[in-house]
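To keep things clear, I will list the structure first and then write my remarks on it.
In listed order, ligands and their atoms are each counted from 1. One-based numbering along the sequence shown.
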Amino acid sequence: MGRRLLHSSTLKCNIKPTTTSLATTNGFLEKPFFQQDLETLIRPVEKMAVISNIPEYRVLRQKWFQEGLTVGFVPTMGALHDGHISLVKNALKMCDKVVVSIFVNPSQFAPNEDLSKYPRTIEEDLNLLRQVKTSQFLKNSGVDCVLLPTVEDLYPQGIPLNVAEQTGAFVEVKGMSHQMEGAIRPHFFRGVSTIVTKLFNLTQPTKAFFGQKDAQQCSVIKALVQDLLIPTEIEICETLREEDGLAMSSRNRYLNATERQLSTVLFKALNKGKSVFDEGGNCKEILSSAESVIRDCEANSNGVIQYQYLSLNNPINLKNIDDTIDPNVGAIFSGAVKVGNTRIIDNLLLGNSIAKWSGSKI
Ligand SMILES: Nc1ncnc2c1ncn2[C@@H]1O[C@H](COP(=O)(O)OP(=O)(O)OP(=O)(O)O)[C@@H](O)[C@H]1O
Ligand SMILES: CC(C)(CO)[C@@H](O)C(=O)[O-]
Ligand code: BAL
């Protein structure tokens with residue numbers, strides 16, 4: 001496979017003449033002096049490497065090891081939105097170098113799911129990543145590297161979607177992969193755990209950033225790094241939402257206007273349940289009050305909304321909580337609905353001590 005390393009300047013090209021004067025030997029400027037030149041003088045031109053070739057990345061990573069730099073990693077499946085960008089911004093704040101991967105991972109899709117139609121918008125994604133900036137005075141003023149690995153490199157033995165036909169090494173976090181989302185997508189967390197292990201082995205991150213929107217994924221990955229002694233710290237970042245509360249998600253673009261309007265039902269239901277918790281309600285009361293919000297909407301939606309599940313789980317081991325919530329442990333209150341053909345997932349954290357599980361805020 002050919003080597004590919006693209007560099008692109010991320011400096012803005014809005015050229016504005018400036019009033020700054022520069023002394024020259026004859027007292028006149030030899031060429032017009034632009035604001036753009038001034039910016040170049042006070043910070044280096046940032047470069048975002050776009051790499052698909054694994055040995056190429058390893059050279060870069062080795063250099064960062066030698067320079068003693070920390071690396072923040074944001075794994076994504078692309079079709080980027082502000083939720084992804086918030087993870088990148090957290091990584092920029094906490095790490096010297098930031099690597100983002102875009103890879104639509106086949107092994108987390110079942111044969112009947114949407115792998116072939118999953119949105120792939122690489123050029124828009126790269127442009128968005130080039131525009132992410134932090135203060136010019138920070139050491140790291142933009143994304144350093146975007147990794148676009150190939151399916152062949154990550155699954156050298158091929159990757160049929162049917163688990164029974166798969167060969168090669170796979171990773172599973174037992175006891176945490178078959179409740180909640182895993183009850184509806186039994187293949188899913190094996191696929192996620194496998195690809196995240198491969199991506200961590202490739203990128204060797206100091207810290208990796210995940211969104212609370214995929215709460216079960218966060219708990220599974222935390223357990224994965226602990227059990228497999230992977231020396232990467234997991235940072236969980238808050239869920240970014242649209243103005244009406246819908247959690248941002250790449251799959252939201254599948255929704256038509258009617259579906260989009262009805263899609264806020266899950267967030268409304270979770271909030272209803274949270275208010276019952278805040279008033280001292282038990283698990284049964286929390287779950288039934290939230291479910292009735294979804295069932296009411298479902299009954300009036302002409303089949304657009306379909307209830308899937310609501311669940312209260314221990315954030316560390318994901319065990320179901322069905323009596324009372326221990327205030328020292330807290331709970332993930334999560335659920336899913338189908339809106340037309342699109343699944344929407346969301347969650348809220350209940351209890352104070354959950355702060356130990358979740359992490360960064362922007
Ligand atoms: N609204 C959001 N706020 C914060 N982080 C998010 C949000 N949506 C996704 N993320 C995080 O971005 C990372 C990459 O997620 P992914 O590329 O699957 O996007 P997605 O929007 O979750 O896609 P999908 O619609 O397929 O679930 C994950 O850690 C995910 O939790
Ligand atoms: C972590 C991840 C990138 C693995 O493919 C994916 O599950 C996601 O985007 O949440
Ligand atoms: N963010 C979760 C990715 C998936 O549903 O496949």
Next on the checklist: A side-chain contact here means heavy atoms from C-beta on lying under 4.5 Å apart; do Ile305 and Glu259 qualify?
Outcome noted: no
Item to check | Plane angle bin for Phe170 and Tyr155 - parallel if under 30°, tilted between 30 and 60°, otherwise perpendicular | outcome: parallel
Checklist entry - Hey, is ligand 3 close enough to Arg185 that some N/O pair sits below 3.5 Å? => result yes
Checklist outcome for this item: Scanning both residues in full, the closest heavy-atom pair of Val143 with Leu129 reads CG2-O, 3.9 Å
Checklist entry - Under 4.0 Å between a Lys/Arg side-chain N and an Asp/Glu carboxylate O for Asp296 and Lys268? => result no
Checklist entry - By number and element, which atoms of ligand 3 are closer than 4.0 Å to a non-hydrogen atom of Arg251? => result 4 (C), 5 (O), 6 (O)
Checklist entry - Can Glu238 and Lys213 be counted as an ion pair, charged N to O under 4.0 angstrom? => result no
Checklist entry - Got an N/O contact under 3.5 Å between Gln217 and ligand 2? => result yes
Next on the checklist: Looking at Lys284 and Glu291, is there a salt bridge between them, counting it only when a charged N and a carboxylate O are closer than 4.0 Å?
Outcome noted: no
Checklist entry - Does Leu255 reach the side chain of Ile344, with side-chain heavy atoms less than 4.5 Å apart? => result yes
Checklist entry - At a 4.0 angstrom heavy-atom cut-off, what protein residues surround ligand 1? => result Pro75, Thr76, Met77, His81, Gly83, His84, Leu87, Tyr118, Phe210, Gly211, Lys213, Asp214, Gln217, Glu238, Thr239, Leu240, Met248, Ser249, Ser250, Arg251
Checklist entry - Does Tyr118 have a non-hydrogen atom less than 4.0 Å from ligand 3? => result no
Item to check | ligand 2 atoms in contact with Val192 (distance to a heavy atom under 4.0 Å) | outcome: 7 (O)
Checklist entry - Could you give the distance from CD1 (Ile234) to CD (Gln217), rounded to the nearest 0.5 Å? => result 10.5 Å
Checklist entry - Is Lys174 close enough and on-axis enough to Phe189, meaning under 6.0 Å and within 45°, for cation-pi? => result no
Item to check | Positive for side-chain hydrogen bond (donor to acceptor under 3.5 Å, both in side chains) with Asn127, one of Glu123, Arg130, Glu124 | outcome: Arg130
Checklist entry - Can you find an N or O of Asp214 that's nearer than 3.5 Å to an N or O of ligand 3? => result yes
Checklist outcome for this item: Closest to atom 4 (C) of ligand 2 among protein heavy atoms sits Gln108 OE1, 3.4 Å
Item to check | Geometric cation-pi criterion Lys198 and Phe103, 6.0 Å radius, 45° cone | outcome: no
Checklist entry - Relative to the heavy atoms of Met77, which atoms of ligand 3 are at a distance of less than 4.0 Å? => result 3 (C), 4 (C), 6 (O)
Item to check | Per-atom contacts, ligand 2 versus Ile195 - under 4.0 Å to a heavy atom | outcome: 4 (C), 5 (O)
Checklist entry - Quick one: which ligand 2 atoms are inside 4.0 Å of a heavy atom on Pro75? => result 3 (C)
Next on the checklist: I need the nearest protein heavy-atom contact for atom 9 (O) of ligand 2: residue, atom name and distance, please.
Outcome noted: Met77 CG, 3.5 Å
Item to check | Side chain proximity check, Asn53 to Asp153, heavy atoms < 4.5 angstrom | outcome: no
Checklist entry - For atom 3 (C) of ligand 3, what's the nearest protein heavy atom and its distance? => result Gln108 NE2, 3.5 Å
